[in-house]
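Chain A is the first sequence line, chain B the second, and so forth, proteins listed ahead of strands; every chain is numbered from 1.
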Amino acid sequence: MLCCYRQAVSGRTTSREKRIMADKWTPQEIEPKWQKKWEDDALHRAKIDSSRPKYYAMTMYPYPSGDLHMGHWYAIAPSDTRARWMRMQGYNTLFPMGFDAFGLPAENAAIRRGIHPKEWTYANIERMRIQLRSMGAMFDWDRECVTCDPEYYQWSQWFFRKLYDADLAYKKKAPVDFCPNCNTTLAREQVWGEDRHCERCGTPVIKKDLDQWFFKITAYAEELLDFNHMEWPERVTTMQRNWIGRSEGAEVVFRTENGNHELPIFTTRPDTLWGATFMVLAPEHPLVEELVTDDRRAEVEGYVEQAHRMTDILRETADREKTGVFTGAYAINPVNDERIPIWIADYVLMSYGTGAIMAVPCGDQRDFEFAQKYNLPIPVVVAPKNWDGEPFAEAYVEPGIMVNSGRFNGYPSIGKYSLEEWSPDLAEKYGLPADLRPENEGVRAVTHWLEEKGVGRFAVTYRLHDWLISRQRYWGTPIPMIECPSCGIMPVPYEDLPVTLPEDVQFMPTGESPLKFHEGFRYVKCPTCDEIAERETDTMDTFMCSSWYQYAYMEKHWKGEGALSVDDIPFNAEEGNYWLPVDQYTGGIEHATMHLLYTRFFTKAMRDMGIVDFDEPMTRLYNQGIILGEDGEKMSKSRGNVIAPDDLVHYYGADVVRGYLMFGFRWEQGGPWSSTGVLGIQRFLERVWTLVLEELPAIETPKTPSPDDDQVRALSRKQHQTTRKVTRDMDRFSFNTMIAALMEFTNYMVKAKETSVAQTKTWDEAIETLLLLMAPSFPHISEELWARTGREHSIHQQAWPSWDEELAAEEIITIVVQVNGKVRDRFDAPVDIGEEEAKAQALATPGAQKHLDGRQPLKVIYIPGRLVNIVVK
RNA sequence: GGGCCGGUGGCGGAAUGGCAGACGCAGGGGACUUAAAAUCCCCUUCCUGUAAGGGAGUGUGGGUUCGAAUCCCACCCGGCCUACCA
């Protein structure tokens, strides 16, 4: 398509000095100017407008560390571009911003440098607001939320209270993960990696027995597995699914020989019950103390003690040799009344299932190794089809035939497979029947029989734990609870919220929470009996604040004055009815099993409280990648590879930084920064500046005295094609190809400007379209050029350009000629060329003739508008 | 051990069954300039050839197809997640 226009520009004669050069593009001047103007005009204020469709775009808010780094820009600027694009497409768009302002760094700064966390945090927020403003984003600052404002956290406390009333918050003494560096407990989700380290500081965690507050997120485990009606990346839903870790099986009740205690176990393989030759309890199991016989007591206590001291890191190393001790006690296997020994071993975890297992050495490799080591019997109960009757050398976990299992002998058992998965292929592989139903398949049949006998039942177990939200830190939302010596645990009445965080506190070098030592805060009258009672001195996990901030954006400091009540709605309902839920959420994948799970839980709980009428907080989610230093490593001060966005904005302007962040990478993948790559965007914007502002050459181009139709049509075609491409790429977050299309269009126009096409109305339309297409990505320069070319109002209030498929369509296409799949020639043809005509022309091309070399084509394949493949011999 | 994502020029990346390498960076050559910068034009996957051309080529090996970077199977490498989950 470039060919026709190459001809047109081949006769260019104009000399550059005849032109009047435009003044230079100085982003340092125009960017602050427009930012101020937009703010003065309240351009970005999002107001309810029932005549337009709404669009709630949201990006994860930053922690106010005091410096907006490249990662923030990378996450926020492209999100802003897309929100702006939606706005130009006619959606009434809300794109808010706020600060995740509670948290440890503030407190650490206080301990180390003597600055009050509040002062530190608000000063950082002030600085980051300025940095965020330099981005030129369309944030509606009127809705900004700052989670450490009492007007904000009173609602966090209100939520706590509501969850408590709904029986979704409870206090429990439990062995919990504790970070010795941060001096606080952590939720399961906040313990990362193989070495089980603190998500924030990287220190390995230890176990502590503490009385802590939990949210009953497990009540929603099943519903949280439902990802229908939401468009979230599969990566995230898979991670959440694995984290929730649903598994189906049976709960079977064993009984102890002495004392007749119930000893329920969970198993995914009830069909192997006849092979259970011993039981194993977790060392922490509450019955251990009672069951252990006197002759075994010393050894058992020693083992329990040792297991307790051992870190989880060691305990959970899978390839460690199994250890355990016999308790001296026996249990009765309910299916055959056999007497089996009860052991304790640290490979059984108290935190999963019932903390006790039946050990089936023939069907579980861990049990097998344990049985071998301690000389316990290994009878076979599920065998492969052609089993020779010999003892197993290792556990057999695949589908097989039940043996030695009483009335179930001969039943096929498909083990880990579900009936839905069971296919003829699998049946053949294992030599089992293909037609399996709950009645004739071992696992299901045994479960049914257990239920009839009353010793077991179908059961589902989740890996998901309740969310531990207590933090032994000062700089967080106080938990609104009081413990009274006579009345017990009492919630702070709704009307008394907020429980204000006292400011006159002393920070301990030990890292202990100053709230524990603040008498005025700690001691309080019981809301019921007026006796002196104690306040909860722990504060909430900051993920509590972020679980509902999308609702806080409905109105800043909603009901900031006056008492709260149980019947309140935690946001402006009118705004909420209009904007909610979030249509598009963007942010990092690192929150997949934390924030993104918690906020789903919150919304479901809110729905059940009657506060909202939808099930999911964010309809669509998209995750950007990570921007690395030039050396390909993660940016860090210690590596010295940090690129500071402030410096770049100062030097190149925000539009260039935004542009490079969108152009240089696939957004979801990220990648290394390139300081020369940025120059490409700078050159591009300079080209656009010149293209739009530089005066046209005097009309003296002799070779093309009047614009010819082909040129005009070609320019218009390019414009419509670009509009189509940019629109589609915006929709799929393909910012890099979107900007490439803008560059191509610009390059085309720079060349076309040398011809008389630049004096046409079509030219003006093309310039205008280019500016409009650039507006979401490059808000400042496009606004400046819009104004300088005498166009009215803000460019950001204009409608997104549309395209016409007919005008975008090519008239002449190039058809590739292949012989046996190799390109041998090509020819130009009208777009509507018929199949026979195309084939005939292809066969006639010199390239085809040469490579056919007289041979008769076996087959000729025509792909309309693309190619002809001639197959020979 | 399991799961997911990825592997394309010197580099970032494009192309999701139909011309591999769009767009950009870096590099080379040229124009302009007293000179440089900036700007503009041309070249730039590799091998072979003066050229026209020919051959090879998307981690490796196989397969499906007229045709594969793209789909299927096996393997190698890198990254992320998860891990004694009963």
What interatomic distance, in whole Å, is found between C1' of B:rU65 and the corresponding atom of B:rA69? 16 Å
Taking atom P in both B:rC32 and B:rU48, what distance in whole Å separates the two? 35 Å
Are A:Phe665 and A:Tyr660 an aromatic pair by the rule of ring centers under 6.0 Å?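 For A:Phe665 and A:Tyr660, the ring centres are under 6.0 Å apart.
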Please confirm whether the ring centroid of A:Tyr374 lies under 6.0 Å from the ring centroid of A:Trp343.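 Aromatic pair counts; centres sit under 6.0 Å.
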Acceptor/donor pairs from residues 856-869 of chain A side chains to any protein atom, 3.5 angstrom cut, sequence neighbours excluded:
{"residue": "A:Tyr862", "atom": "OH", "partner": "A:Gly865", "partner atom": "N", "Å": "3.2"}
{"residue": "A:Asn869", "atom": "OD1", "partner": "A:Gly821", "partner atom": "N", "Å": "3.0"}

With a 4.0 Å limit, can you tell me whether [X] has a side-chain N or O closer than that to the phosphate oxygens OP1/OP2 of [N]?
X        : N      : answer
A:Arg683 : B:rA38 : no
A:Lys822 : B:rA56 : yes
A:Arg666 : B:rA14 : yes
A:Lys859 : B:rG67 : no

For B:rG9, glycosidic torsion class - syn if within 90° of 0, otherwise anti: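 Syn.
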If B:rC80 has a Watson-Crick or G-U wobble mate with both distances under 3.5 Å, name it; if not, just say none. B:rG3
Can you give one letter per nucleotide of nucleotides 16-23 of chain B, going 5' to 3': B for a protein heavy atom under 4.0 Å from the base, S for sugar-phosphate only, - for none? --BB--BB
[N] [atom2] sits how many Å from [X] [atom1], rounded?
X        : N      : atom1 : atom2 : value
A:Leu679 : B:rG27 : CG    : P     : 11 Å
A:Phe278 : B:rA86 : CZ    : C1'   : 12 Å
A:Glu668 : B:rG6  : CD    : P     : 9 Å

Nearest-nucleotide 5' precedence on RNA chain B, A:Gly671 against A:Val678: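 Comparing both residues, the 5'-ward one is A:Gly671.
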Are A:Glu231 and A:Leu621 side-chain neighbours, meaning at least one heavy-atom pair lies under 4.5 Å? no
Can you list everything that forms a side chain to side chain donor-acceptor pair (under 3.5 Å) with A:Thr593? Sequence neighbours excluded, please.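 By the side chain to side chain donor-acceptor pair (under 3.5 Å) rule, A:Thr593 matches no residue at all.
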Are A:Lys373 and A:Glu369 close enough, and set up right, to give a salt bridge (charged side-chain N to carboxylate O under 4.0 Å, His left out), and what steps lead you there? CA-CA 6 Å; A:Lys373 181 168 175 184; A:Glu369 285 164 21; over 6 Å; no
